[in-house]
> 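Quick one: structure below, then a few questions.
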Amino acid sequence: MDEKLLSIDNATNELIKKAQTDGVETIWDRKANMKPCPMGEKGICCRICTMGPCRITPKTPRGLCGATADVIVSRNFARMVAGGAAAHSDHGRDIAHVLHMASKDGNYKVRDEAKLIKLAKRWEITTEGRDIYDVAHEVAEFALNQFGKPFGNLELPPSLPEQRKKVWEDLNIVPRAIDREVVTIMHSTHVGCTADADSMLDISTRTALSDGWGGSYIATELSDILFGTPIPRETEANLGVLEENQVNIVLHGHEPSLSEMIVLAAEDPELVALAKEVGADGINLAGMCCTANEVTMRHGVKIAGNFAQQELAILTGAVEAVIVDVQCIFPALAPLADCYHTKFITTSPKARITGATHLEFDEEKAYDSAKSIVREAILNFKNRDNKKVFIPQTKNHATVGYSVDAIVNQLDTVVNSQIDPTGTVKPLADCITSGVLRGAAGVVGCNNPKVKHDYGHIELIKELIKNDVIVVVTGCSAQACAKAGLLSKDARRLAGKGLATVCELVDIPPVLHMGSCVDISRILELVGEVAKYLNVDIPQLPVVGAAPEWMSEKAVSIGTYVVASGIDTWLGVVPPVTGGPRVLEILTNEMENTLGAKFFVEPDPVKAAGQIIERIEQKRKALEEMF
Ligand code: NFS
């Protein structure tokens, strides 16, 4: 591999080259020119009031108000958690509103009735003799109340082991209402409030938990109810999925309420006919970032790429429209789209971008709204300039769609040959306790130009599967794996003997795609169920988390709730906390004493894999003594 290449992915490298030929810039050009602020990098710049900004140096060890480096670092960290938790949870809230408007004759329907009934029962909502949509609306209301309920604590899912809940109770970090936790951070970080790193991190942890076991969990469960719980299906990934002779639409962003309607609209005979009329063979949808995960898990829609590739999709010159809603969208797409014929269409009032075409998505008239957006894309086909078109011929096959239900079913049907389906995680727990699988890793998160594109994910994951650690992925990590062929069943040849045998028997790939970033709640559910089945707390399981190329505030919230859930977490990018010795000590050491897990920071994925395997083996030893 040429060291100078910016990605391990051919399609990406080819299009970076095209950018140079075309004279347009990409994230990597901007990265080359950017000199990151050394204060910001360590987290010791405080902009919370206007007496400063205060920068901590040996000569100025305190801000004007007297805040120490640790106070400043912990506040900055807390605000990242708040930003991330807000984004995930507001996504969950939007889905709850969509469920609230679902109706038998409307655009949004209940697709997984069994899941709805199960959730209703959990929340003690009457189901017998009621119209399914009445139940749905009450469930939606109950979910919406979790955001702002004035009293009591968040309704925690039953997959959470009692032992874990007890740990949180003892530390006084059981989340209350989701919005309330985010607001508490904004309040506590205001000038003149919390000035104690330990307490600030407790507040951060509680907020992060309200995301993982609250907002994100709600987003996943209600999305499954509305759009169906994913089951394994086949797809393809990378920019090679774009089609020369079709209207190419890239769906980018996060909330399935938009993308589900676009998927339907793209099949509308009227629009398919229109595509033919403008000279195309048809309409080709391809996903990007978490929207890609949502629609590939439920419909097998092809994956165009992950976070760092969003500009490259436009650079192919073959994309009629990039349709976005919220989160992880580069504002750079607007000026870039001007250099090609691509229409960059924003749809959410929460994420308007200067220079984009704004076609607001109206959930009340979702289908018509989606149709007009798709129509814009089709009508843009005639503006394609064939001289500018270059579609890299790189794509890979992937099996996706591993919800918890799908994993349990798959293990049941194959391991037990349907004779005695357990409907539980028993087969998975058995594989782990017997040592056939040494452990499990959830590898998640973004791309970050501080890391060679996709290298962090793929190197780490290859090492893990080689050592019989089964890997589950979400977010942009999942797409990196799809592109690298690791989600294909053939990838079992890269797995160690134990994992390869399980994959063969159960007919799964060694790396399982569990969805978008809010779907990390699926991973929590799975781990929680295995812990409950074995009657242990989560930190006792040989299970880890990793975010090798993380970049967003959402990832900070995720990392924090994963650690607070008792799962050690490896970060491949150094978080902006190194200027606060106490903060660093808590995150990378003391959290183990209080929460049973901590953060590890290791930019080298091969070294990180070594550390993970060592840690897993330590945990196995303790576990084996028990069983
Ligand atoms: Ni997650 Fe999804 Fe990707 Fe990172 Fe962004 S798409 S929510 S934040 S970049 S994994």
Side-chain angles (χ1 to χ4, degrees), residues 7 9 12 27 80-81 83-92 94-95 208 211-212 215-220 223 237 250-256 258-259 286-297 303-313 322-333 348 350-351 400 442-451 453-454 456-458 460-461 472-483 513-523 545-562 569 571-573 575:
S7 174
D9 166 22
T12 296
I27 185 171
M80 290 186 88
V81 170
H88 281 147
S89 301
D90 207 33
H91 166 165
D94 279 352
I95 301 294
D211 169 359
S216 285
Y217 218 98
I218 287 172
T220 300
S223 293
V250 171
L251 294 172
H252 173 22
H254 283 78
E255 296 181 6
L258 168 73
S259 47
M288 186 148 268
C289 286
C290 281
T291 282
N293 294 325
E294 298 281 355
V295 289
T296 201
M297 291 273 283
I303 298 167
N306 53 4
F307 179 67
Q309 290 177 291
Q310 51 189 290
E311 290 167 296
L312 309 181
V322 176
I323 302 171
V324 304
D325 55 2
V326 289
Q327 303 169 23
C328 301
I329 304 148
F330 289 1
L333 299 190
S348 167
K350 289 179 205 168
V400 297
V443 184
V444 305
C446 328
N447 293 134
N448 185 324
K450 287 181 175 168
V451 183
H453 174 234
D454 286 354
H457 295 293
I458 302 308
L460 174 68
I461 293 171
V472 297
V473 285
T474 61
C476 289
S477 185
Q479 293 151 14
C481 290
K483 292 184 289 163
H513 188 323
M514 289 190 80
S516 62
C517 290
V518 294
D519 291 338
I520 293 173
S521 58
R522 298 190 199 277
I523 304 180
E549 304 181 25
W550 74 276
M551 60 85 204
S552 69
E553 292 173 326
K554 290 181 285 179
V556 179
S557 177
I558 293 169
T560 307
Y561 75 63
V562 170
T569 296
L571 303 177
V573 175

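Side-chain atoms are counted along with the backbone in the values below, which use heavy atoms only and exclude waters and symmetry mates. Please read all numbers here as calculations on a predicted model, not as lab measurements. For ligands, and for the atoms within them, numbers begin at 1 and follow the listed sequence.
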> Which heavy atom of the protein is the closest neighbour of atom 4 (Fe) of ligand 1, given with residue, atom name and distance?
Cys446 SG, 2.5 Å

> By number and element, which atoms of ligand 1 are closer than 4.0 Å to a non-hydrogen atom of Phe307?
9 (S)

> Would you mind running through ligand 1 and noting each atom that sits below 4.0 Å from a heavy atom of Gly445?
10 (S)

> What do we get for His254 next to ligand 1 when only non-hydrogen atoms under 4.0 Å count, side chain, backbone, both or neither?
side chain

> Output the list of atoms in ligand 1 that are nearer than 4.0 Å to some heavy atom of Met551, sorted by atom number.
9 (S)

> Under a 3.5 Å threshold, yes or no: a donor from one side chain and an acceptor from the other, between Asp325 and Ser348?
no

> For Val473, run the side chain to side chain contact (heavy atoms under 4.5 Å, CB included) check against Val400, Ile523, Ile461, Val444 and tell me which one passes.
Ile461

> Do side-chain atoms of His457 reach the backbone of Cys446 as a donor and acceptor pair under 3.5 angstrom?
yes

> Using the side chain to side chain contact (heavy atoms under 4.5 Å, CB included) definition, which of the options Ile95, Thr291, Asp94, Leu251 pairs with Pro256?
Ile95

> N/O/S atom of Cys328 under 2.8 Å from atom 3 (Fe) of ligand 1, yes or no?
no

> For Ser552, counting its heavy atoms only, list the atoms of ligand 1 lying under 4.0 Å from any of them.
8 (S)

> Please determine whether Cys517 has a backbone or side-chain N, O or S atom lying under 2.8 Å from atom 1 (Ni) of ligand 1.
yes

> Measure the spacing between NE2 of His254 and OG of Ser516 and express it to the nearest 0.5 Å.
7.0 Å

> For ligand 1, which part of Cys476 has a heavy atom less than 4.0 Å away: the side chain, the backbone, both, or neither?
both

> Using side-chain heavy atoms (C-beta onward) and a distance below 4.5 Å, is Ile458 in contact with Cys481?
yes

> Between Asn293 and His513, is any side-chain donor less than 3.5 angstrom from a side-chain acceptor?
yes

